[in-house]
Amino acid sequence: MLTPEAVWDFPVQMWDRVLSKVNRAVVFMDDPCAEVLHWSAGGAAALFEAGARNVKRFSSFESCSEDEPKAVFVVSTLLKGRTVDTLKDIISLSHLQYCVVVTAVSHSLHLLANNVAAEADGAAPVFEQLEDKLCEWMGDMNYTAEVLHVPLSFALVSQQLLLAPAFARLFPLLPPDLRALNATRPDKKRFASLLDVDVHALPSELQLQIKALAGALNALFEATGTREESFAVGPMSRLIAGELAGHPQAKTRRKTAPNKASIIFVDRTMDLTGAVGHHGDSLAEKILTVLKPLPGHVTDVQVDMRELTSVLISPGSESCVAPGCLAQTRCVLDLRFAYEDHMGSEQTGGDTFQTHPQKLACSAFPVGGHAHRQAQGRRDGGPTAACGSGQQGEAAHQDEHGPRDPGAAALLRAAVPRRGGGAGESLRGTPAGPGHGADPPTPPVTPLGRLPGLREAAAAGCPQAEDLSTERVHSAMERMFETLRGLRHSRDHLKQLRRVYTASDGVHQATYRPFLRQILQEVFHPDRHECVDIEHMSGGLTDLLKTGFSMFMKVSRPHPGDNPLVFLFLVGGVTPSELRLVKETLANLKPESRVLVLSTGLLRPADVPELLFAAQRLTPDIGV
């Protein structure tokens, strides 16, 4: 039986293959691979322990010195376009005799990207051609060059969550994207809705990104001996699940794999309410929102560690101490259990964990006080001042003392509802219920230039900032509201799971029913009825025959709850609050069930406007 432990081991096993190549080498790595290493395999320390001489960013401005003859390049992209140009630049500036290039993208996808027919007998012509180029750039065809594929896509952020940083910008398509697709098609072949779009109608960049994600998932399932049943909710999820179901290697794997699992793909656009709310009840979510991202990362944040040292805190002293982060032995999403064991029933600010278990469940670990005191107790402890719990405790303390970024503070003031009503109540500006008194003063309007996504959306087509005109801003606003109006219809095709919001009737308060909770309730319903809105994706001829026979006789379709392990893949990002929701819902419905969450990213509320209004969803940057 497939266990979560086997899935957790997968990223480490893949990095072991890379670490076996880095002895006495300078390692060049792009940002997504560096982030996966950061979370899953010990970061740069693992490279140095394996014998690496230096670690540098994969950039045309880097090179090796004369006494460094070996280099290892680790990239998340196709070996084409900018990636190959950067390889050539680094090698040309160095004096290398031995090059190893590791890509997270399979050779089969390289064949597709280069319009090359598949070779028999395991040949890898694209990789072999690049090996010859590497020797040519090193200056001697007798030097050594290796090009290999290692699936390095998934980062183990916690025991509940795996992220794919290379796909952080992958987001479900929206109505404006449908209009753009139809603009290039004849009238009779235009799509009526996003559900009708097939992967071959997409731009090549998006096709390759979807296929790369399906390939990464196939590698995970192959390494764990998994025979999966794929399900989907939403147009983009259908495309990804279809690619995984039809993956050539997946068809072979599913015939012999001993372990069974279900994977349910869910579009983020099915429910954006929870993703944009500043809940204030999840410490991990608050930390991610308030602290600045770690440079080059899409998930982790940088923690100012000066308060745990004797360094004088003054303007300009930020660079004196390397920033801390959340990627420690215990993830910030799991650390609360360690604090619970340590503190027991100790009171913190008048509350106890025993008296308020729901408050504990709302935090990644105890808010502020005690965690920070534990960290400060190590202030003069030398190297121990930078230990994992110290960095995470300091992150909690800095979060408790509010945003450092005035732009973030303005966004929070504009976005957080000022009374206890639901989201719908606050948006309407009506009293949340009896006893709430008069409406509070209108919150200050956030300057447009500080709203995430708006400036980028308005600046589309403006190479110079001074060219940004009022007309362009108005046009951007029109596109934004068109997108928002289109989101209202994202669940129109569903039969049961169409609503996440119930309006107030004057007696009962408005309620929000998270879409993920509804999905889990369908999957783990005691009666195990058919989940009509969770579409099973055909895995081949057998499933097609079953579908045909079901027209004449009763044939049971696969149910996502049939298998001992369920993967829940959120296409477009997941929030810490939703991770807590998954855990709590399972505890109430079926405590013995095992669910692992996979996603393209860990969302902050400010990420959503940028993904909606400024991201190039149809033509993502894949480095080609």
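Computed over heavy atoms, backbone and side chain alike; hydrogens, waters and symmetry mates excluded.
- Atom CD of Gln160 is separated from atom CH2 of Trp8 by 10.5 Å, given to the nearest 0.5 angstrom.
- Side-chain contact between Leu612 and Leu272 is present, with heavy atoms from C-beta onward closer than 4.5 Å.
- Side chain of Ser40 to main chain of Pro11: no donor-acceptor pair is present (N/O by atom type, distance under 3.5 Å, no hydrogens or angles).
- Within the 4.5 Å cutoff, the side chain of Phe569 has heavy atoms near those of the Leu217 side chain.
- The shortest distance between side-chain heavy atoms of Leu497 and Val233 does not fall below 4.5 Å.
- Here Thr619 pairs with Pro203, Glu205, Gln616 under the side chain to side chain contact (heavy atoms under 4.5 Å, CB included) rule; sequence neighbours left out.
- Put simply, the side chain of Gln302 reaches to within 4.5 Å of the side chain of Pro295, judged on heavy atoms.
- Rounding to the nearest 0.5 angstrom, the gap separating the CG atom in Leu109 from the CG atom in Leu208 is 5.5 Å.
- Between the CD atom of Glu578 and the CG atom of Leu602 there is a distance of 10.0 Å, given to the nearest 0.5 Å.
- To the nearest 0.5 Å, the span separating CE on Met270 from CG on Asp533 amounts to 10.0 Å.
- There is a side-chain donor-acceptor pair under 3.5 Å between Thr83 and Thr77.
- For residues 153-169, every residue pair satisfying the salt bridge (charged side-chain N to carboxylate O under 4.0 Å, His left out) rule, not counting sequence neighbours, is listed here: Arg169-Glu610.
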| Between Leu291 and Leu326, is a side-chain contact (heavy atoms from CB on, under 4.5 Å) present by the stated rule, with each step listed? | CA-CA 11 Å; Leu291 301 187; Leu326 302 181; 5.9 Å; no
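- Separating the OG1 atom in Thr3 from the CD atom in Glu5 is a distance of 4.5 Å, to the nearest 0.5 Å.
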| Checking side-chain contact (heavy atoms from CB on, under 4.5 Å) for the pair Val523/Phe231: CA distance, chi angles, key distance, verdict? | CA-CA 11 Å; Val523 172; Phe231 302 84; over 6 Å; no
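- The shortest side-chain heavy-atom distance between Glu35 and Leu163 does not fall under the 4.5 Å cut-off.
- The side chain to side chain contact (heavy atoms under 4.5 Å, CB included) check on Thr585 picks up Arg517, Leu520, Leu581, Leu589, with sequence neighbours excluded.
- Val500 is linked by a side chain to side chain contact (heavy atoms under 4.5 Å, CB included) to Asp271, Thr273, Arg491, Tyr512, Phe515, Gln518, counting only residues two or more places apart in sequence or in another chain.
- For Arg17, the CZ atom is densely surrounded, since the number of other residues' heavy atoms within 6.0 Å is greater than 12.
- Contact of the Thr224 side chain with the Asn259 side chain is not registered, since no non-hydrogen atoms from C-beta on lie closer than 4.5 Å.
- At least one side-chain heavy atom of Leu170 sits under 4.5 Å from a side-chain heavy atom of Leu206.
- A side-chain donor-acceptor contact under 3.5 Å links Arg604 to the backbone of Leu288.
- For His247, the side chain to side chain contact (heavy atoms under 4.5 Å, CB included) criterion is met by Asn218, Gln249, Ala250, not counting sequence neighbours.
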| request: For side-chain contact (heavy atoms from CB on, under 4.5 Å), just list the numbers for Leu598 and Leu220, CA-CA rounded to whole Å, side-chain angles, deciding distance to a tenth of an Å, and then say yes or no. | output: CA-CA 12 Å; Leu598 291 83; Leu220 169 63; 4.1 Å; yes
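- Under the 3.5 Å distance criterion, the side-chain polar atoms of Asp9 are left unmatched by any main-chain donor or acceptor of Ala6.
- Annotation: side chain of Leu194 is not in contact with side chain of Met236 (no heavy-atom distance under 4.5 Å).
- In terms of modelled atom types and a separation under 3.5 Å, the side chain of Ser262 and the main chain of Glu229 share no donor-acceptor contact.
- Note that the OG1 atom of Thr575 and the CZ atom of Arg580 stand 8.5 Å from one another [nearest 0.5 Å].
- The side-chain hydrogen bond (donor to acceptor under 3.5 Å, both in side chains) analysis of residues 230-244, with sequence neighbours excluded, yields the pairs Lys211-Glu243, Ser237-Asp267, Arg238-Glu535.
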| request: Apply side-chain contact (heavy atoms from CB on, under 4.5 Å) to the pair Trp39 and Leu156, showing each step before the final yes or no. | output: CA-CA 6 Å; Trp39 285 103; Leu156 181 63; 5.8 Å; no
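- Checked for salt-bridge contact, Asp621 and Arg82 meet the test: a charged N lies under 4.0 Å from a carboxylate O.
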